[in-house]
Novice: 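Questions regarding the structure given below will be posed in turn.
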Amino acid sequence: MIRAKRAIFLVIFLAAMLPSPLFAQTAQTADNPAPLPQRDGSHDFDFLIGDWKAHVRRLPDRLNHSDKWDVYDGISNHHKLLDSNANFEQFEVTSTDKKLHIKAQTLRLYNPTTRQWSIYLVDLDNGTLDSPPVVGGFDGKRGEFFHQENFKGRTILVRYMWLNISPASARMEQSFSPDGGQTWETNWICELSR
């Protein structure tokens, strides 16, 4: 059931990214009733607000069958923006050997019309937002967010997943797919704890 939902979401996501007459909307009729209203996901990231310890495993050699991971520890702090549905993350981790350092910011915006979140990586040093955003939402305590990007000269799918959500812990995984979502390689695992 979960795989079917993910497959349906992926088809809808790709249809939105690559418009096609195959996905044209149909008129509402007695045989084709209006869809049920979508749930309001504007508070889906409320669990994340506050300060966390971050433990990260990062696969630096991606889509190359590598199994060598770098390990980092640090902090991840999340704050609501002006008491809205938007939030901002400040993230900073250092490798266990102190040789590698990652400093990042993330902006998450909820669109009440589409009922989806857009997640942007923010480069404060250069004054840019990573675009396109990763877009998606939650189904219960599992969040899935997708986008396409260019990686080493080819178009790939990127997926963020939020899992194992509780008041004291959460896990975020990033995966790449070079084959349209048939297979995924996880290349970033961030485990948060209070």
Novice: What pairs with Lys99 under side chain to side chain contact (heavy atoms under 4.5 Å, CB included), at least two apart in sequence or on another chain?
Specialist: Ser95, Asp97
Novice: Can you list the steps and then say if Glu144 with Tyr160 is a side chain to side chain contact (heavy atoms under 4.5 Å, CB included)?
Specialist: CA-CA 6 Å; Glu144 286 191 292; Tyr160 289 4; over 6 Å; no
Novice: Strictly by modelled atom types, are Glu89 and Ser76 linked by a side-chain donor-acceptor pair under 3.5 Å?
Specialist: yes
Novice: Inspect the contact between Arg171 and Glu191 and indicate whether a charged nitrogen and a carboxylate oxygen are less than 4.0 angstrom apart.
Specialist: yes
Novice: So which atom in Tyr110 and which in Arg39 form the shortest heavy-atom distance, rounded to 0.1 Å?
Specialist: OH-O, 4.2 Å
Novice: Where does the angle between the aromatic ring planes of Trp184 and Phe146 fall among parallel (under 30°), tilted (30 to 60°) and perpendicular (over 60°)?
Specialist: tilted
Novice: Same cluster or not: are Val56 and Val158 linked, directly or through other Ile, Leu, Val, Met, Phe, Trp or Tyr residues, by side-chain heavy atoms under 4.5 angstrom apart?
Specialist: yes
Novice: Between CZ of Arg194 and OG of Ser166, what distance do you get to the nearest 0.5 Å?
Specialist: 9.0 Å
Novice: Could you tell me how the ring of Phe91 sits relative to the ring of Trp188: parallel (under 30°), tilted (30 to 60°) or perpendicular (over 60°)?
Specialist: tilted
Novice: So which atom in Tyr72 and which in Asp70 form the shortest heavy-atom distance, rounded to 0.1 Å?
Specialist: CE1-CB, 3.6 Å
Novice: Quick one: closest heavy-atom pair of Gln174 and Arg62, and the distance?
Specialist: NE2-NH1, 3.3 Å
Novice: Roughly how far, to the nearest 0.5 Å, is the CD atom of Gln116 from the CZ atom of Phe145?
Specialist: 9.0 Å
Novice: Verify side chain to side chain contact (heavy atoms under 4.5 Å, CB included) between Asp51 and Ile75, making sure each step is shown before the conclusion.
Specialist: CA-CA 7 Å; Asp51 300 333; Ile75 55 99; over 6 Å; no
Novice: Treat each ILVMFWY residue as a node, draw an edge where side-chain heavy atoms are under 4.5 Å apart, and state whether Leu109 and Ile119 are in one component.
Specialist: no
Novice: Are Val134 and Leu59 connected in a single hydrophobic cluster, I mean Ile/Leu/Val/Met/Phe/Trp/Tyr linked by side-chain heavy atoms less than 4.5 Å apart?
Specialist: no
Novice: Counting only N and O atoms by type, is there a donor-acceptor contact under 3.5 Å from the side chain of Asp61 to the main-chain atoms of Asn64?
Specialist: no
Novice: Please report whether the ring centroid of Tyr120 lies less than 6.0 Å from that of Phe88.
Specialist: no
Novice: So, taking the atom named SG in Cys190 and the one named CE in Met172, what distance separates them when rounded to the nearest 0.5 Å?
Specialist: 6.5 Å
Novice: Identify the heavy atoms of His147 and Pro132 that sit nearest to each other, and give their distance.
Specialist: ND1-O, 3.5 Å
Novice: If you look at every heavy atom in Glu185 and Leu63, which pair is closest and at what distance?
Specialist: OE1-N, 2.7 Å
Novice: Let me know which of Leu81, Asn87, Leu121 forms a side chain to side chain contact (heavy atoms under 4.5 Å, CB included) with Leu107.
Specialist: Leu81
Novice: Would you check, one step at a time, whether the test side chain to side chain contact (heavy atoms under 4.5 Å, CB included) holds for Ile189 with His55?
Specialist: CA-CA 8 Å; Ile189 299 170; His55 177 74; over 6 Å; no
Novice: Less than 4.5 Å apart, any side-chain heavy atom of Glu92 and any of Gln90?
Specialist: no
Novice: Under the criterion side chain to side chain donor-acceptor pair (under 3.5 Å), I'd like the reasoning laid out for Ser169 against Ser193: C-alpha separation, chi angles, the key distance, then a yes or no.
Specialist: CA-CA 4 Å; Ser169 66; Ser193 60; over 6 Å; no
Novice: Working to the nearest 0.5 angstrom, can you tell me the gap between Arg58 CZ and Thr186 OG1?
Specialist: 14.5 Å
Novice: Working to the nearest 0.5 angstrom, can you tell me the gap between Leu192 CG and Lys53 NZ?
Specialist: 11.5 Å
Novice: Under a 3.5 Å threshold, yes or no: a donor from one side chain and an acceptor from the other, between Ser42 and Asp40?
Specialist: yes
Novice: Out of curiosity, does Val93 fall in the hydrophobic cluster containing Leu100 (side-chain heavy atoms, cut-off under 4.5 Å, transitive links)?
Specialist: yes
Novice: Can you tell me how far CD of Gln105 sits from CG of Asp130, rounded to the nearest 0.5 angstrom?
Specialist: 12.5 Å
Novice: Work out which heavy atom in Trp162 is nearest to a heavy atom in Ala170; give both atom names and the distance.
Specialist: CZ3-CB, 4.1 Å
Novice: Determine whether a donor-acceptor pair (N or O, by modelled atom type, separation under 3.5 Å) exists between the side chain of Arg154 and the backbone of Pro178.
Specialist: no
Novice: Hey, is NZ on Lys98 packed in by over 12 heavy atoms from elsewhere, all under 6.0 Å?
Specialist: no
Novice: Does the Lys NZ or Arg CZ of Arg57 fall within the cation-pi geometry relative to Trp69 - under 6.0 Å from the ring centre and within 45° of the axis?
Specialist: yes
